K.L.:
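The structure follows.
These figures come from a predicted structure and were not determined experimentally. Just so it is clear: chains get the letters A, B, ... in the order the sequence lines come, proteins before strands, and each one is counted from 1.
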Amino acid sequence: MIFFMKATKLYAPTLRESPAEAELVSHKLMYRAGLIRKAAGGLYSYLPLAWRTMKKIMQIIREEMDAKGGQEVMMPIVQPAEMWKESGRWAVYGDEMMRLKDRHGREFALGPTHEEMITTLVRDEVRSYKQLPLMLYQIQNKYRDEIRPRFGLMRSREFVMKDLYSFDRDIDGMNISYQKMYDAYSRIFERCGLKFRAVEADNGAIGGGHSHEFTVLAPSGESSIAYCEKCDFAASDEKAELKIIHAEPEELRPLEKVLTPDCHTIELVKNFLNVPIEKTIKAVAFMDDDERLIVAFVRGDHDVNEIKVLNAVEGANHLYMAGEKLIADANSCAGFMSPIGLKDSAIVIVDQSVMLMSNAVAGANEVDAHFINVTPRRDFDAEKIIVADIRMVRAGDPCPHCGAPLKMTRGIEVGQVFTLGKKYSEKLHATFLDEDGKVKPFEMGCYGIGVGRTMAAAIEQNNDKDGIIWTRAIAPFEVVVVPVNAKDDKQLAFAEKIYNELKSAGVDVLLDDRKERAGVKFKDCDLIGYPIRITISPKTLESGNVEVKVRRSGEFMNFARADVVKNILELLETL
RNA sequence: CGGGGCGUAGCUCAGCUUGGUUAGAGCGUCUGCCUUGGGAGCAGAAGGUCGCAGGUUCGAAUCCUGUUGCUCCGACCA
């Protein structure tokens with residue numbers, strides 16, 4: 001698909017200033033460059049420039065999905081409540097799902113995702129293992145009534161998303177499909193010119209096997225990831241597993257209770273007792289949906305990873321901060337908690353590294369008192385506690401694969417792949433008849449890419465003070481031809497010739513034929529971020545050459561008239 | 001859902017504390033002139049029920065109440 005156009009006809013209202021509400025660079029630039037306009041909170045119109053880029057990203061996605069055997073379908077956005085009730089998610093999804101009723105009072109939802117839709121589609125049509133594996137995908141609007149839409153297209157309520165669903169006869173097949181998608185995703189984001197990492201992710205409530213998030217590295221990103229420079233390990237902060245920290249052996253001293261007036265924080269205790277923070281044990285009290293008290297213990301200088309706690313405590317779905325009463329009921333008080341003497345009603349979970357500490361400081365479960373010389377493996381009741389890796393990774397922790405110090409960075413999650421297993425096929429009774437004559441549910445996988453978010457991430461990662469810097473593959477136009485004075489017929493005619501030649505050569509080219517001053521047009525070009533600008537002026541007319549400016553490097557070059565098309569094509573290959 | 005901020009022209013904002021002719025500026029838009037290598041200049045013009053509703057007052061953009069929308073922080077987030 002080739003785009004070409006004259007700027008006088010292009011609807012791209014650029015602004016000198018950006019709206020006050022825009023915070024992220026990408027959001028500001030999309031607004032200023034005339035890419036998007038807001039209709040309401042989290043709801044945006046894509047103007048022609050943005051939509052061209054979106055279409056290019058979607059095309060790249062289509063090519064890579066098709067290359068792996070994916071087939072594109074289109075499914076309803078308006079989805080009947082029945083299938084959501086059948087899967088159990090009508091209740092689970094909560095306020096985030098946009099719901100509506102038709103004139104007969106029947107309930108529907110605007111699809112936040114399409115597992116139910118695709119699974120019910122396939123269950124009625126696929127009966128035999130001979131029809132597997134099957135990979136179907138769709139690119140269309142999804143709806144999530146975000147509590148707090150923000151950052152423009154990064155977190156909106158209506159967004160364009162690609163979702164592919166795989167159906168396999170067994171886990172091996174599912175893993176092959178997963179690997180195919182993992183590879184396809186890597187290619188997609190490479191082709192989009194993004195710097196990204198595929199990070200191990202928690203697939204939480206969805207259950208099942210493995211999951212990777214494809215995260216574009218950007219300081220403004222909402223997710224935090226840990227990665228290793230020595231090996232290829234990368235994981236979201238919530239997922240990153242940690243090894244046990246071995247403490248130096250030392251002579252054990254007997255447990256002792258001491259007074260610590262007003263020392264209700266680790267900082268205060270540490271200073272009052274004059275011990276290093278590594279010798280303290282910190283308690284964090286949570287409760288779950290059933291109002292069970294869950295107390296997590298980590299080293300004083302560590303933080304609790306709530307996701308790991310959730311995964312370690314059977315039956316817990318959500319964690320909330322525990323109230324004082326709940327803590328008091330367990331025979332303790334906030335600021336002075338420890339597993340020693342805590343009532344059995346409390347679920348105690350202790351970080352694996354804490355168990356190796358010796359002669360440490362922990363609360364005494366009464367106001368203004370702590371224990372010293374706590375040695376968990378001796379003093380904690382092993383029968384009543386859960387020991388697990390529950391701490392939050394931080395920069396410098398050893399890589400779980402190779403031991404090198406980990407680095408932390410922030411990123412924008414643009415895609416996620418995960419295996420679903422039988423979760424939906426079982427609930428929705430989507431089965432096939434296998435070779436052995438048995439009825440089995442499909443092994444499924446689900447693979448999403450946020451298209452708008454990918455565009456926003458590309459801008460977030462590629463911009464300078466003047467505006468957007470598009471990678472050629474997803475630029476709305478690859479080349480812009482600018483006659484500095486479009487009122488000069490000679491310049492305009494010459495520019496039009498170059499424009500036509502590039503057009504014929506298959507280049508996405510825009511002719512900026514607006515009768516604006518040169519400065520205005522140059523500013524717009526830089527703001528919108530076309531990879532290459534060709535300038536036509538009295539100077540270039542005289543010399544017979546054309547001047548070319550590369551947006552990313554700011555480099556100027558001169559091409560001989562006869563070589564323009566050839567040289568531009570070559571130059572584009574490098575952008 | 002809790003806490004803060006904001007809502008005045010297409011955009012960015014001033015005016016509000018201390019109520020008083022016809023509500024302002026810059027940018028943008030339109031017309032004319034001029035200019036054409038980095039948002040230039042001159043002259044003129046259009047454009048606002050001051051978010052909405054109610055109240056106080058002789059009089060409300062300004063004070064009070066309610067409401068709605070946006071926004072930031074927190075909580076939450078397949």
K.L.:
In chain order, what residues pass the side chain to side chain donor-acceptor pair (under 3.5 Å) check against A:K142, with sequence neighbours excluded?
P.N.:
A:H114, A:Q138, A:D163
K.L.:
Sugar-phosphate means primed atoms, P, OP1 and OP2; the rest is base. With that split, encode nucleotides 28-33 of chain B 5' to 3' as B, S or - using protein heavy atoms under 4.0 Å.
P.N.:
S-----
K.L.:
Could you tell me which residues satisfy side chain to side chain donor-acceptor pair (under 3.5 Å) with A:E82, sequence neighbours excluded, listed by chain and number?
P.N.:
none
K.L.:
Tabulate protein N/O versus nucleotide N/O from nucleotides 14-16 of chain B, keeping only pairs under 3.5 Å, one per line.
P.N.:
none

K.L.:
Quick one: side chain to side chain donor-acceptor pair (under 3.5 Å) partners of A:S26, sequence neighbours excluded?
P.N.:
A:E460
K.L.:
For residues 481-498 of chain A, which residues have at least one heavy atom under 4.0 Å from RNA chain B?
P.N.:
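Residues of residues 481-498 of chain A under 4.0 Å from RNA chain B: A:V484, A:N485, A:K487.
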K.L.:
For nucleotides 71-75 of chain B, tabulate all protein N/O to nucleotide N/O atom pairs closer than 3.5 Å, reporting atom names and distance.
P.N.:
residue: B:C72; atom: OP1; partner: A:E23; partner atom: OE1; Å: 3.3
residue: B:C73; atom: OP2; partner: A:R148; partner atom: NH2; Å: 2.0

K.L.:
According to side-chain contact (heavy atoms from CB on, under 4.5 Å), who are the partners of A:A234, at least two apart in sequence or on a separate chain?
P.N.:
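Here the qualifying residues are A:R197, A:V199, A:Y227.
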K.L.:
If the condition is side chain to side chain donor-acceptor pair (under 3.5 Å), which residues does A:K38 pass it with, not counting sequence neighbours?
P.N.:
A:E21
K.L.:
Within 45 degrees of the axis of the six-membered ring of A:F522 and under 6.0 Å from its centre: does A:R533 put its NZ or CZ there?
P.N.:
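Output yes; distance and angle both within limits.
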K.L.:
What pairs of residues pass the salt bridge (charged side-chain N to carboxylate O under 4.0 Å, His left out) test when at least one of them lies in residues 22-36 of chain A, not counting sequence neighbours?
P.N.:
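Passing the test, one end in residues 22-36 of chain A: no pairs.
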K.L.:
Between the protein and nucleotides 7-10 of chain B, are there any N/O to N/O pairs under 3.5 Å, and if so, what are the atom names and distances?
P.N.:
none

K.L.:
Could you list the residues that satisfy ring pair (Phe, Tyr, Trp, His ring centres under 6.0 Å) with A:W470, not counting sequence neighbours?
P.N.:
none
